[in-house]
Amino acid sequence: MRTKPMPPPRRRVLVVDDDPTVTEVVAGYLDRSGFTVDRAADGLAALDRAHTAPPDLVVLDLMLPGLDGLKVCRKLREERPVPVVMLTARGDEEDRILGLEVGADDYVTKPFSPRELVLRVESVLRRAAAQPVQGPLLGGGGITLDPAARTVSDARGPLALTLREFDLLAHFLRNPGRAFSREELMTQVWGWDFGDLSTVTVHVRRLRHKVEADPAHPRLITTVWGVGYRFDAPGAAGAAEDQAPGTDRGGAGA
């Protein structure tokens with residue numbers, strides 16, 4: 001008699017939001033998508049729950065009573081590299097930048113589609129679980145990136161990049177001198193055919209702050225007017241021919 005294979009274990013997601021309606025809706029969609037869902041209404045409860053039942057991913061509201069989402073994210077990431085998708089009710093880009101800076105892997109701005117949030121959660125989990133890409137070291141512009149070890153450094157030493165920043169930089173290094181639109185980057189790096197294109201803009205800005213000598217006047221990751229972004233490693237074909245030196249015009253929003 002042939003035995004049926006055991007189904008894969010349900011991945012655990014911790015949803016942290018002080019709005020019970022938001023929590024209920026998000027938890028419902030995640031549960032129907034095959035996740036085990038835990039809930040917390042404030043920052044301290046979230047940390048306690050994460051210790052009791054370590055999650056595979058945390059959906060974390062930025063504005064929480066007591067301990068805010070930024071502090072919760074920082075404390076979670078100090079203990080282990082749990083993926084975090086941050087929720088924010090604000091349209092201010094600075095909030096998104098802060099969330100990414102403390103280690104969030106992605107963000108969704110309220111109001112949002114619960115189905116889109118589930119797709120974002122699944123995408124981040126796929127990235128986190130993916131086997132390291134084997135291959136030679138990547139380099140350009142004084143940067144050395146090891147795809148297998150997932151390390152990157154420049155003349156200053158090791159660089160601390162988030163999951164998405166690392167993947168974005170690797171994509172640029174594999175394609176020096178080629179201009180990519182934000183839509184192309186979202187599809188090829190994020191693996192999404194939907195979503196807020198400002199996600200790409202924010203990640204490019206954060207990456208510039210980590211790899212550029214002068215982020216206000218980028219020389220490596222340049223903006224191509226009306227197209228998107230391009231990595232201009234020294235000697236790369238077509239480098240810096242689409243815009244004047246030192247400019248960073250807003251064709252791609254950054």
**Q** So which of V121, V16, V85 actually passes side-chain contact (heavy atoms from CB on, under 4.5 Å) with V58?
**A** V16
**Q** Heavy-atom distance under 4.5 Å between the side chains of R230 and R178, does that happen here?
**A** no
**Q** Tell me, which pairs form a side-chain hydrogen bond (donor to acceptor under 3.5 Å, both in side chains) where one or both residues lie in residues 53-75, sequence neighbours left out?
**A** D61-K110
**Q** If you take all heavy atoms of F166 and T151, which pair is closest and at what distance?
**A** CE1-N, 3.6 Å
**Q** Can the ring centres of F180 and H171 be said to be less than 6.0 Å apart?
**A** yes
**Q** Search all heavy atoms of M86 against all heavy atoms of G69 and return the closest pair with its distance.
**A** CE-O, 3.8 Å
**Q** Between D31 and R10, is the salt bridge (Lys or Arg N to Asp or Glu O under 4.0 Å) condition met? List the steps.
**A** CA-CA 10 Å; D31 179 72; R10 289 167 65 98; 3.1 Å; yes
**Q** Return the minimal non-hydrogen interatomic distance between A46 and V72, and the atom names on each side.
**A** CB-CG1, 4.4 Å
**Q** Would you check if L87 and Y107 make a side-chain contact, meaning some heavy-atom pair closer than 4.5 Å?
**A** no
**Q** Could you go through K210 and D154, starting from their C-alpha distance and side-chain angles, then the distance that decides it, and tell me whether this counts as salt bridge (Lys or Arg N to Asp or Glu O under 4.0 Å)?
**A** CA-CA 10 Å; K210 295 180 180 182; D154 62 10; over 6 Å; no
**Q** Would you check if the side chain of E184 reaches a backbone N or O of S181 as a donor-acceptor pair within less than 3.5 Å?
**A** yes
**Q** Are side-chain heavy atoms of L185 and F172 found at a separation under 4.5 Å?
**A** yes
**Q** What is the distance from atom CG of L159 to atom CD1 of I143, rounded to the nearest 0.5 Å?
**A** 7.0 Å
**Q** With the side chain counted from C-beta on, respond yes when V118 and R32 share a heavy-atom pair under 4.5 Å apart, and no when they do not.
**A** no
**Q** Taking atom CG of L67 and atom CG of L47, what is their separation to the nearest 0.5 Å?
**A** 6.0 Å
**Q** Just checking, is any N or O donor in the side chain of D232 or T222 under 3.5 Å from an acceptor N or O on the other one?
**A** yes
**Q** I need the minimum non-hydrogen distance between V224 and A179, along with the two atoms involved.
**A** CG2-CB, 4.0 Å
**Q** Is a salt bridge present between D38 and R12, judged by a nitrogen-to-oxygen distance below 4.0 Å?
**A** yes
**Q** Please confirm whether the backbone N or O of D48 pairs with a side-chain atom of T52, one donor and one acceptor, at under 3.5 Å?
**A** yes
**Q** Nearest 0.5 angstrom please: E116 CD to Y29 OH, how far?
**A** 12.0 Å
**Q** Check the pair F112, T88 against side chain to side chain contact (heavy atoms under 4.5 Å, CB included), reporting the backbone distance first and the verdict last.
**A** CA-CA 10 Å; F112 57 86; T88 173; over 6 Å; no
**Q** Would you say the side chain of V26 lies within less than 4.5 Å of the side chain of D17, judging by non-hydrogen atoms?
**A** no
**Q** Less than 4.5 Å apart, any side-chain heavy atom of D42 and any of D18?
**A** no
**Q** Going by the rule side-chain hydrogen bond (donor to acceptor under 3.5 Å, both in side chains), which residues pair with E79 if we only count those two or more places apart in sequence or in a different chain?
**A** H51
**Q** Atom CG of L207 and atom CG of L168: how far apart are they, to the nearest 0.5 Å?
**A** 5.5 Å
**Q** Is E212 paired with R219 through a side-chain N to carboxylate O contact shorter than 4.0 Å?
**A** no
**Q** Looking only at heavy atoms, which two atoms of A50 and L76 are closest? And how far apart?
**A** CB-CD2, 3.7 Å
**Q** Could you please spell out the steps behind the side chain to side chain contact (heavy atoms under 4.5 Å, CB included) verdict for M63 and D19?
**A** CA-CA 10 Å; M63 301 300 292; D19 186 334; over 6 Å; no
**Q** Could you give the distance from CG (L117) to CG (L119), rounded to the nearest 0.5 Å?
**A** 9.0 Å
**Q** Check this for me: does any side-chain nitrogen of one of R120 and D105 sit under 4.0 Å from a carboxylate oxygen of the other?
**A** no
**Q** Under 3.5 Å, is there a donor-acceptor pair linking the side chains of R11 and T36?
**A** no
**Q** Apply the test side chain to side chain contact (heavy atoms under 4.5 Å, CB included) to residues V59 and L14: give CA-CA distance (whole Å), side-chain angles for both, the deciding distance (0.1 Å), then the verdict.
**A** CA-CA 6 Å; V59 175; L14 174 59; over 6 Å; no
**Q** Does any part of the side chain of C73, heavy atoms only, come nearer than 4.5 Å to the side chain of E78, both counted from C-beta?
**A** no
**Q** Do R39 side-chain atoms and A27 backbone N/O form a donor-acceptor pair below 3.5 Å?
**A** no
**Q** If I compare all heavy atoms of S33 with all of R115, which pair ends up nearest, and what's the gap?
**A** OG-NH1, 3.8 Å
**Q** How far does CG of L145 sit from CG of L138, to the nearest 0.5 angstrom?
**A** 5.5 Å
**Q** Report yes if the side chains of F231 and V211 come closer than 4.5 Å at any heavy-atom pair, otherwise no.
**A** no
